[in-house]
Amino acid sequence: MNVANEKQYGGLDQFRIIAAILVIAIHTSPLLSMNEWADFTLTRTIGRVAVPFFFMCTGFFFLQKLGTDHNRNAYLLKPFLWKVGKLYLLSILLYLPVNVYAGYFTDGFTVFSAVKDILFNGTLYHLWYFPGIMLGVCISTFLYTRLSAWKTFWVTLLLYGIGLLGDSYFGLAQMNPYVDSIYQSMFTLFDYTRNGIFFAPVFIVMGGMIANTRRRKKKKVAPYAIGFVLFGSMLVIEGLLLHAFQLQRHDSMYIFLIPCMYFLFQLLLFWKGRNRPALRKLSLYVYVIHPLCIVLIRAAAKVTGLTGLLVENSLVHFTLVTVLSFVLSVIAMKVIPRFRGGKPDQTGRAWADIHLPHLQHNVREIQRVLPKECAVMAVVKAQAYGHGGWQVARYLNKLGINHFAVATIDEGIELRKKGVKGEILVLGYTDERRIRQIARFKLTQTIVDDEHAKKLNGYNVKIPVHIKIDTGMGRLGESWERPEKIAAMYRYKNLQVGGTFTHLSVADSLEASDIAYTKNQIARFQNVIEQLKDMGIDPQKLHVQSSYGVLNYGELHYDYARMGIALYGMLSNQGDTVKASVDLRPVLSLKARVVQVKQVEKGAAVGYGRAYSVQQDSKIAIVSIGYADGIPRMLSQAEATCLIRGKRRPIIGFVCMDQLIIDITDMEEVQVGDVVTFIGIDQDESITAEEMAQQCKTITNELVSRLGERVKRVYFD
Ligand SMILES: *Cc1c(COP(=O)(O)O)cnc(C)c1O
């Protein structure tokens with residue numbers, strides 16, 4: 001098994017900056033004052049890769065999440081549209097003054113023209129991108145989840161072809177009066193075919209197709225580089241020819257743009273590097289802000305009488321606009337979060353990032369290795385192993401998971417109060433006096449033995465139950481050796497038996513004797529089931545395996561698999577191997593903050609008990625997380641147990657209840673406010689929960705389930 005971290009696409013993130021600069025070039029024509037053809041080549045042919053690139057990125061990350069469940073797809077689509085829609089609205093508002101100044105509301109302004117602009121054209125020339133991507137993603141999602149990938153591609157390519165004739169190839173459409181009239185009527189609805197219907201979908205779909213076919217085989221870079229150079233040149237030639245023959249109505253869409261983008265995007269995937277979400281944001285801000293910068297520079301030029309230099313020299317103009325756009329964007333990125341009050345990951349002392357897409361990924365991976373008829377019963381006890389019980393359960397609900405297991409009745413009640421749907425099985429013992437709550441909150445109770453059954457039955461309240469059989473774990477459940485006692489548990493009128501289960505004790509081990517033990521447990525369970533059937537008793541749904549049971553005994557066919565630790569993308573121990581080949585991704589990262597940095601002299605004692613003194617003059621950082629937050633005291637004075645600014649650094653002295661101390665002697669750059677990672681990735685370094693658990697001589701299950709209440713959970717969807 002491969003416990004992989006999130007895939008890294010640094011190349012895509014870095015190219016976003018290049019694409020944003022290309023967009024500025026398109027709107028400022030840097031070479032125009034030197035040579036019109038050179039400028040056309042740069043901005044109207046080469047530069048035209050920028051926007052399709054953004055579309056492909058969206059397709060690449062969004063379409064790969066989609067499946068055949070339309071409700072779930074709609075659930076994924078909604079937040080995307082909401083996010084882009086909000087941004088679009090803000091951008092419209094930002095540019096209202098410019099619109100007013102430019103006479104937008106006086107020259108032929110009607111309700112119809114406003115609606116048209118909002119849906120297709122954008123209220124300023126660059127804002128068409130937002131409705132374009134929303135419409136494009138809706139169309140692509142609709143097609144992609146109903147047709148095969150290739151059929152979707154052909155349909156969107158057809159749309160693109162229609163768009164071409166209204167764009168670069170308009171001259172051809174005009175040759176036929178009938179075709180011409182069709183286009184003229186289309187242009188009463190939108191000003192360009194370069195929009196969400198004809199332009200965006202094919203690129204979004206191509207991005208999605210690349211994402212979904214990527215992992216198949218190792219690839220070489222050369223063919224893609226050759227393809228890009230070849231089709232890129234064709235694109236330039238095509239553009240120049242069309243321009244020379246004056247066939248273009250607009251110049252966004254070209255035939256060779258399609259293969260060119262395919263090869264370019266594939267090429268960018270070879271460009272390694274870690275993800276840089278900040279660059280994603282920066283490129284977006286630059287995209288939104290740069291027309292404002294054009295206005296500002298022009299105004300400044302007018303005021304200072306420097307129009308000749310600042311505007312008419314196109315290269316200077318372009319450079320100024322680019323620099324100003326980046327400066328304003330960086331400022332905006334710093335200032336805007338302040339107005340939002342700061343999230344725990346920006347202001348908090350200790351927090352856990354919960355990366356829900358990885359949870360979804362793990363669910364799909366587990367479903368892939370499970371037999372078709374076996375459903376996932378998600379074990380969300382102990383706050384979903386520290387990930388947040390109801391948050392995880394509600395998210396799983398949306399992914400179509402409808403069976404849950406918790407340890408206690410109170411955990412079950414909390415889930416119900418938070419609106420979790422489906423069956424919730426309480427795995428632990430519940431006192432019979434709480435039976436009314438079991439019924440009221442529609443929980444399913446585990447029956448641990450005949451005595452438990454008898455007591456629960458005595459209340460004349462009907463509840464759903466599962467029967468637990470002990471086949472060698474030596475914990476809860478009626479012993480497999482007493483079939484008559486087991487049979488008795490099915491005969492109480494108030495207990496509606498919906499299932500029968502057992503629990504394996506060494507399914508994680510691949511040692512021969514342990515495998516034999518597990519097989520024996522399974523045989524005992526089967527034996528009990530057969531005996532029950534012989535007695536005319538229906539044991540109902542059966543379940544045996546938990547995470548390791550599935551990963552090592554995938555051949556078993558039961559109704560449910562009670563999945564805990566694997567759902568969260570972890571194994572219990574560092575270096576465990578399992579039989580199934582699944583790619584699990586850790587959902588949780590654990591982080592805290594540097595709250596003080598100080599210099600200490602050689603020999604100084606650090607922390608409680610004078611247990612540690614520094615060996616040389618040192619720099620130390622105090623970090624706001626301690627054992628009350630779930631960092632085990634065992635981690636005291638451990639080697640290289642946390643990450644700061646991409647480097648591994650040791651904890652020194654004893655871990656305190658609320659703080660701990662790390663040695664940062666050779667790190668000049670560390671500051672108060674820096675993030676310290678205990679589980680997760682920081683630049684090129686990472687620490688897995690397995691590694692940390694091993695250092696504390698425990699298993700990941702214990703580590704994450706003991707994360708404290710003070711650790712804020714921050715959810716990323
Ligand atoms: C906790 C628990 C599970 C889940 O185990 P994992 O190893 O985390 O998958 C399954 N069944 C029972 C009875 C449990 O107590």
Side-chain angles (χ1 to χ4, degrees), residues 1-4 354-407 411-412 415 420-428 444 446 466 468 473 499 501-508 518 522 541-573 576 578-588 689-690 699-705:
M1 186 176 98
N2 158 29
V3 180
I354 309 294
H355 196 64
L356 293 170
H358 282 186
L359 181 61
Q360 177 187 6
H361 170 89
N362 297 337
V363 168
R364 300 297 169 225
E365 280 292 291
I366 290 163
Q367 285 172 332
R368 187 173 58 76
V369 298
L370 282 178
K372 276 266 168 308
E373 64 281 7
C374 180
V376 169
M377 179 185 277
V379 181
V380 291
K381 60 189 180 189
Q383 292 301 334
Y385 294 49
H387 293 63
W390 65 266
Q391 292 90 339
V392 164
R394 289 259 301 255
Y395 181 77
L396 291 172
N397 260 168
K398 286 172 181 160
L399 299 182
I401 303 288
N402 285 313
H403 299 279
F404 297 93
V406 291
E411 289 178 343
L415 294 190
V420 173
K421 304 265 182 318
E423 181 176 40
I424 300 176
L425 174 62
V426 179
L427 295 169
T444 304
T446 293
H466 282 203
K468 178 88 182 264
M473 170 79 187
F501 72 108
T502 188
H503 193 48
L504 304 174
S505 63
V506 280
D508 55 328
T518 301
I522 296 163
K541 303 285 188 196
L542 306 179
H543 44 113
V544 172
Q545 302 136 286
S546 51
S547 294
Y548 279 94
V550 168
L551 298 175
N552 285 332
Y553 299 88
E555 68 281 4
L556 298 177
H557 279 63
Y558 289 108
D559 298 296
Y560 305 131
R562 300 184 305 271
M563 301 304 290
I565 197 75
L567 264 188
Y568 308 105
M570 291 174 274
L571 292 180
S572 294
N573 298 291
D576 269 352
V578 293
K579 287 199 177 150
S581 143
V582 288
D583 162 40
L584 298 179
R585 300 183 183 169
V587 177
L588 177 141
E690 286 86 347
I699 55 176
T700 56
N701 313 47
E702 179 180 3
L703 197 64
V704 290
S705 66

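Worth knowing before you read on, the calculation uses all heavy atoms, side chains too, and leaves out hydrogens, waters and symmetry mates.
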Compare every heavy atom of [Y] with every heavy atom of [X], then report the nearest pair and how far apart it is.
X: L356; Y: Y395; answer: O-OH, 3.3 Å
X: V587; Y: L567; answer: CG2-O, 4.0 Å
X: M570; Y: A689; answer: SD-CB, 3.5 Å
X: R368; Y: S581; answer: NH2-O, 3.2 Å
X: Q545; Y: L556; answer: NE2-CB, 3.7 Å

Between the side chain of [X] and the main-chain N/O of [Y], is any donor-acceptor distance below 3.5 Å?
X: T446; Y: H466; value: no
X: E690; Y: T700; value: no
X: Q383; Y: G389; value: yes
X: H403; Y: I401; value: no
X: E365; Y: D583; value: yes

Point to revise | Set of side chain to side chain contact (heavy atoms under 4.5 Å, CB included) partners for N552, sequence neighbours left out | key: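 L510, Y548, V578, K579.
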Practice item. For residues 380-399, pull every pair meeting salt bridge (charged side-chain N to carboxylate O under 4.0 Å, His left out), keeping only residues two or more places apart or in separate chains. Key: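 Output for this query is empty, none listed.
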**Study point:** Close side-chain approach of Y560 and L425, heavy atoms under 4.5 Å
**Key:**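 Not in contact.
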Point to revise | Reported CZ-to-OG distance for the pair F501 and S546, which is rounded to 0.5 angstrom | key: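 Answer for the CZ-OG pair, F501 versus S546, is 11.0 Å.
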Point to revise | With sequence neighbours excluded, residues passing side chain to side chain donor-acceptor pair (under 3.5 Å) with D559 | key: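 If we apply the side chain to side chain donor-acceptor pair (under 3.5 Å) test to D559, skipping adjacent residues, there are no hits.
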